[in-house]
*Asks:* 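Below you'll find the structure I mean.
The structure presented is a predicted model; accordingly, all values stated were derived computationally and were not measured.
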Amino acid sequence: MSSVAGKTVVITGSSRGVGADTARILAGGGANVVVNYRQKAPRANKVVKEITEAGGKAIAVQADMTDVESLRGLLQAGVDEFGGVDILILNASGGMESDMGEDYALRLNRDAQNDALTEGLKVLPEGGRVVFVTSHQAHFINDVETMPEYEAVAKSKRAGEDTLTARVPEMAEQGVSFVVVSADMIEGTVTATLLNRARPGALEQRRESAGKLYSVNEFAQEIAKMVSADVETGHVELVGGAEDFLAQAGK
């Protein structure tokens, strides 16, 4: 992980779960990390405390992805604190919340990701990288059905991925590379828990189809690897359990 040493990484939605573990891993490799949260400051501060106590560098910054001013402030915090931003990991997503309005999934998973990229390109240097985190359920949604409870989220995440991928030439002009990291359902995540509650046995079913489901930390390790992996821009890294999706998609 030494290739991230001294680099500054902004990770959206990183106060818990996969984002928080990715922050810890990258900080352990010497990166400066900006931990982003929407509401829960204590959780984000706890992640920062763990990183700094282990000798790493991190700050917690509040930002609502669906607010452009807020996104701008998030990236600016990285510039102000660490002198620049080298990597932007778009990890925050959602849409299964029932109280955020009907179009929330699209606003968060497509529009906000696009806005984050626009703001990111204002500060990312040549050699910078943007990493978009998604799920197989979303990545393959055009070819493979998912659970009805997750369909709107999956479609909105795929719309986000397509919107960002369409901007690869624009990123390339700035010398910024783009990587998508997709995983199957992850053990112990909020989404997996919500889906399993809506459809008991869903997790067990995926576990059987995939042979194994990654843990939060295992997926975070894969995301951290893709921050500096030598891959072409636009690369899609399929983490675990993609075989049956590819077969169903006829790929």
Side-chain angles (χ1 to χ4, degrees), residues 4 7 9-14 17-23 25-26 31 33-36 38 63 65-66 68 71 74-75 78 85-95 105-124 127-142 150 153-172 174-186 189 191 214 216 219-240 242 245:
V4 298
K7 297 269 174 80
V9 186
V10 172
I11 309 173
T12 65
S14 46
V18 172
D21 269 24
T22 306
I25 293 161
L26 291 169
V33 180
V34 178
V35 174
N36 158 244
R38 184 167 67 94
M65 289 285 292
T66 60
V68 177
L71 278 172
L74 170 66
L75 288 149
V85 173
D86 303 283
I87 319 282
L88 173 59
I89 300 180
L90 298 172
N91 168 72
S93 68
L106 265 179
R107 283 196 301 125
L108 176 62
N109 297 331
R110 182 193 63 192
D111 304 345
Q113 309 299 322
N114 193 42
D115 290 340
L117 175 58
T118 299
E119 294 307 315
L121 286 174
K122 292 176 183 174
V123 297
L124 287 167
R129 175 166 288 181
V130 177
V131 179
F132 179 68
V133 180
T134 188
S135 67
H136 295 347
Q137 284 77 11
H139 180 70
F140 290 103
I141 191 62
N142 297 335
Y150 191 61
V153 175
K155 285 187 166 165
S156 65
K157 277 189 74 66
R158 180 67 219 207
E161 182 183 333
D162 290 343
T163 301
L164 298 176
T165 302
R167 298 180 67 182
V168 163
E170 179 192 346
M171 291 185 241
Q174 261 189 246
V176 172
S177 58
F178 176 66
V179 177
V180 174
V181 189
S182 175
D184 208 328
M185 271 192 199
I186 302 293
T189 57
T191 302
Y214 276 59
V216 166
F219 185 34
Q221 297 277 1
E222 297 299 320
I223 295 168
K225 276 184 209 159
M226 296 319 293
V227 163
S228 57
D230 185 11
V231 290
E232 279 185 25
T233 188
H235 172 79
V236 178
E237 183 74 8
L238 298 173
V239 177
F245 282 95

*Asks:* Just jot down the side chain to side chain contact (heavy atoms under 4.5 Å, CB included) partners of D115, sequence neighbours excluded, or say none.
*Replies:*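 Applying side chain to side chain contact (heavy atoms under 4.5 Å, CB included) to D115 gives V68, L71.
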
*Asks:* In Å and rounded to the nearest 0.5 Å, what is the CG to CG distance from D162 to N114?
*Replies:* 11.5 Å

*Asks:* For G94 versus V153, what's the shortest heavy-atom pair and its separation?
*Replies:*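 Heavy atoms only, the tightest pair is O-CG1, 3.5 Å.
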
*Asks:* Looking at residues at least two apart in the chain, or sitting in another chain, which of them share a salt bridge (Lys or Arg N to Asp or Glu O under 4.0 Å) with R110?
*Replies:*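 R110 satisfies salt bridge (Lys or Arg N to Asp or Glu O under 4.0 Å) with no residue once adjacent residues are dropped.
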
*Asks:* What closest approach, in Å, do D21 and A220 show between heavy atoms, and which atom pair accounts for it?
*Replies:* CB-CB, 3.5 Å

*Asks:* Nearest 0.5 Å, please: how far is CD1 in I25 from NZ in K225?
*Replies:* 9.5 Å

*Asks:* If I take atom CG from residue N109 and atom CZ from residue F132, how far apart are they, to the nearest 0.5 angstrom?
*Replies:* 7.0 Å

*Asks:* Quick one: does any side-chain atom of S182 pair with a main-chain N or O of L238 as donor and acceptor, under 3.5 Å?
*Replies:* no

*Asks:* Evaluate the side chain to side chain contact (heavy atoms under 4.5 Å, CB included) criterion for residues V130 and L164: first the C-alpha distance (whole Å), next the side-chain angles of each, then the deciding distance (0.1 Å), finally the verdict.
*Replies:* CA-CA 10 Å; V130 177; L164 298 176; 5.7 Å; no

*Asks:* Walk me through whether L121 and M171 qualify under side chain to side chain contact (heavy atoms under 4.5 Å, CB included).
*Replies:* CA-CA 7 Å; L121 286 174; M171 291 185 241; 4.1 Å; yes

*Asks:* Check the angle between the aromatic planes of F245 and H136 and answer parallel, tilted or perpendicular using the 30° and 60° thresholds.
*Replies:*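 Perpendicular: the ring planes of F245 and H136 meet at over 60°.
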
*Asks:* Checking Q113 against T163 for the side chain to side chain contact (heavy atoms under 4.5 Å, CB included) test, could you report, in this order, the C-alpha distance in whole Å, the side-chain angles of both residues, the deciding distance, and whether it holds?
*Replies:* CA-CA 9 Å; Q113 309 299 322; T163 301; over 6 Å; no

*Asks:* Once side chain to side chain contact (heavy atoms under 4.5 Å, CB included) is applied, do any residues pair with A138, and if so which ones, sequence neighbours excluded?
*Replies:*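 Only T134, S135, A154, K157 meet the side chain to side chain contact (heavy atoms under 4.5 Å, CB included) criterion with A138.
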
*Asks:* Measure across L26 and A224 and return the closest heavy-atom pair with its distance rounded to 0.1 Å.
*Replies:* CD2-CB, 3.9 Å

*Asks:* A side-chain contact here means heavy atoms from C-beta on lying under 4.5 Å apart; do V10 and L75 qualify?
*Replies:* yes

*Asks:* Look at the side chain of D86 and the backbone N and O of G128, then say whether any donor-acceptor pair between them is shorter than 3.5 Å.
*Replies:*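 Checked: no pair found.
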
*Asks:* Please give me the minimum heavy-atom distance between N91 and G13, naming the atom from each residue.
*Replies:*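 Heavy-atom minimum between the residues: ND2-O, 2.8 Å.
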
*Asks:* What I'd like to find out is whether the side chain of V239 reaches to under 4.5 Å of the side chain of V181, using heavy atoms alone.
*Replies:*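 In contact.
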
*Asks:* Testing the basics here: between T118 and R167, what is the closest heavy-atom pair and its distance to 0.1 Å?
*Replies:* OG1-NH1, 2.9 Å

*Asks:* Taking only residues two or more places apart in sequence or in another chain, which ones pass salt bridge (Lys or Arg N to Asp or Glu O under 4.0 Å) with D184?
*Replies:*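 If we apply the salt bridge (Lys or Arg N to Asp or Glu O under 4.0 Å) test to D184, skipping adjacent residues, the hits are R206.
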
*Asks:* Report the C-alpha distance between V133 and L90 in whole Å, list the side-chain angles of each, state the deciding distance to 0.1 Å, and finish with yes or no for side chain to side chain contact (heavy atoms under 4.5 Å, CB included).
*Replies:* CA-CA 6 Å; V133 180; L90 298 172; over 6 Å; no

*Asks:* Which residues pass the side chain to side chain contact (heavy atoms under 4.5 Å, CB included) test with S14, sequence neighbours left out?
*Replies:* I11, V35, N36

*Asks:* Measuring only between side-chain heavy atoms, which start at C-beta, is V9 closer than 4.5 Å to V4?
*Replies:* no

*Asks:* Taking atom CZ of R38 and atom CE of M65, what is their separation to the nearest 0.5 Å?
*Replies:* 11.5 Å

*Asks:* Taking the side chain as C-beta and beyond, is there a heavy-atom pair between R129 and V176 under 4.5 Å?
*Replies:*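 No; the side chains remain at least 4.5 Å from each other.
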
*Asks:* Could you pull out all residues at least two apart from K7 that satisfy salt bridge (Lys or Arg N to Asp or Glu O under 4.0 Å)?
*Replies:* none

*Asks:* If you look at every heavy atom in L106 and A159, which pair is closest and at what distance?
*Replies:*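 So the minimum-distance heavy-atom pair works out to CD2-CB, 4.2 Å.
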
*Asks:* What's the spacing between L124 CG and I87 CD1 if we round to 0.5 Å?
*Replies:* 8.0 Å

*Asks:* Report yes if some heavy atom in the side chain of M185 is under 4.5 Å from a heavy atom in the side chain of Q137; otherwise report no.
*Replies:*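 When only atoms from C-beta onward are counted, Q137 and M185 do touch, with a gap below 4.5 Å.
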
*Asks:* Measuring from atom CG of L117 to atom NZ of K122, what distance do you get when rounded to the nearest 0.5 angstrom?
*Replies:* 11.0 Å

*Asks:* Taking the six-membered ring for Trp, are Y214 and F219 ring centroids under 6.0 Å apart?
*Replies:* no

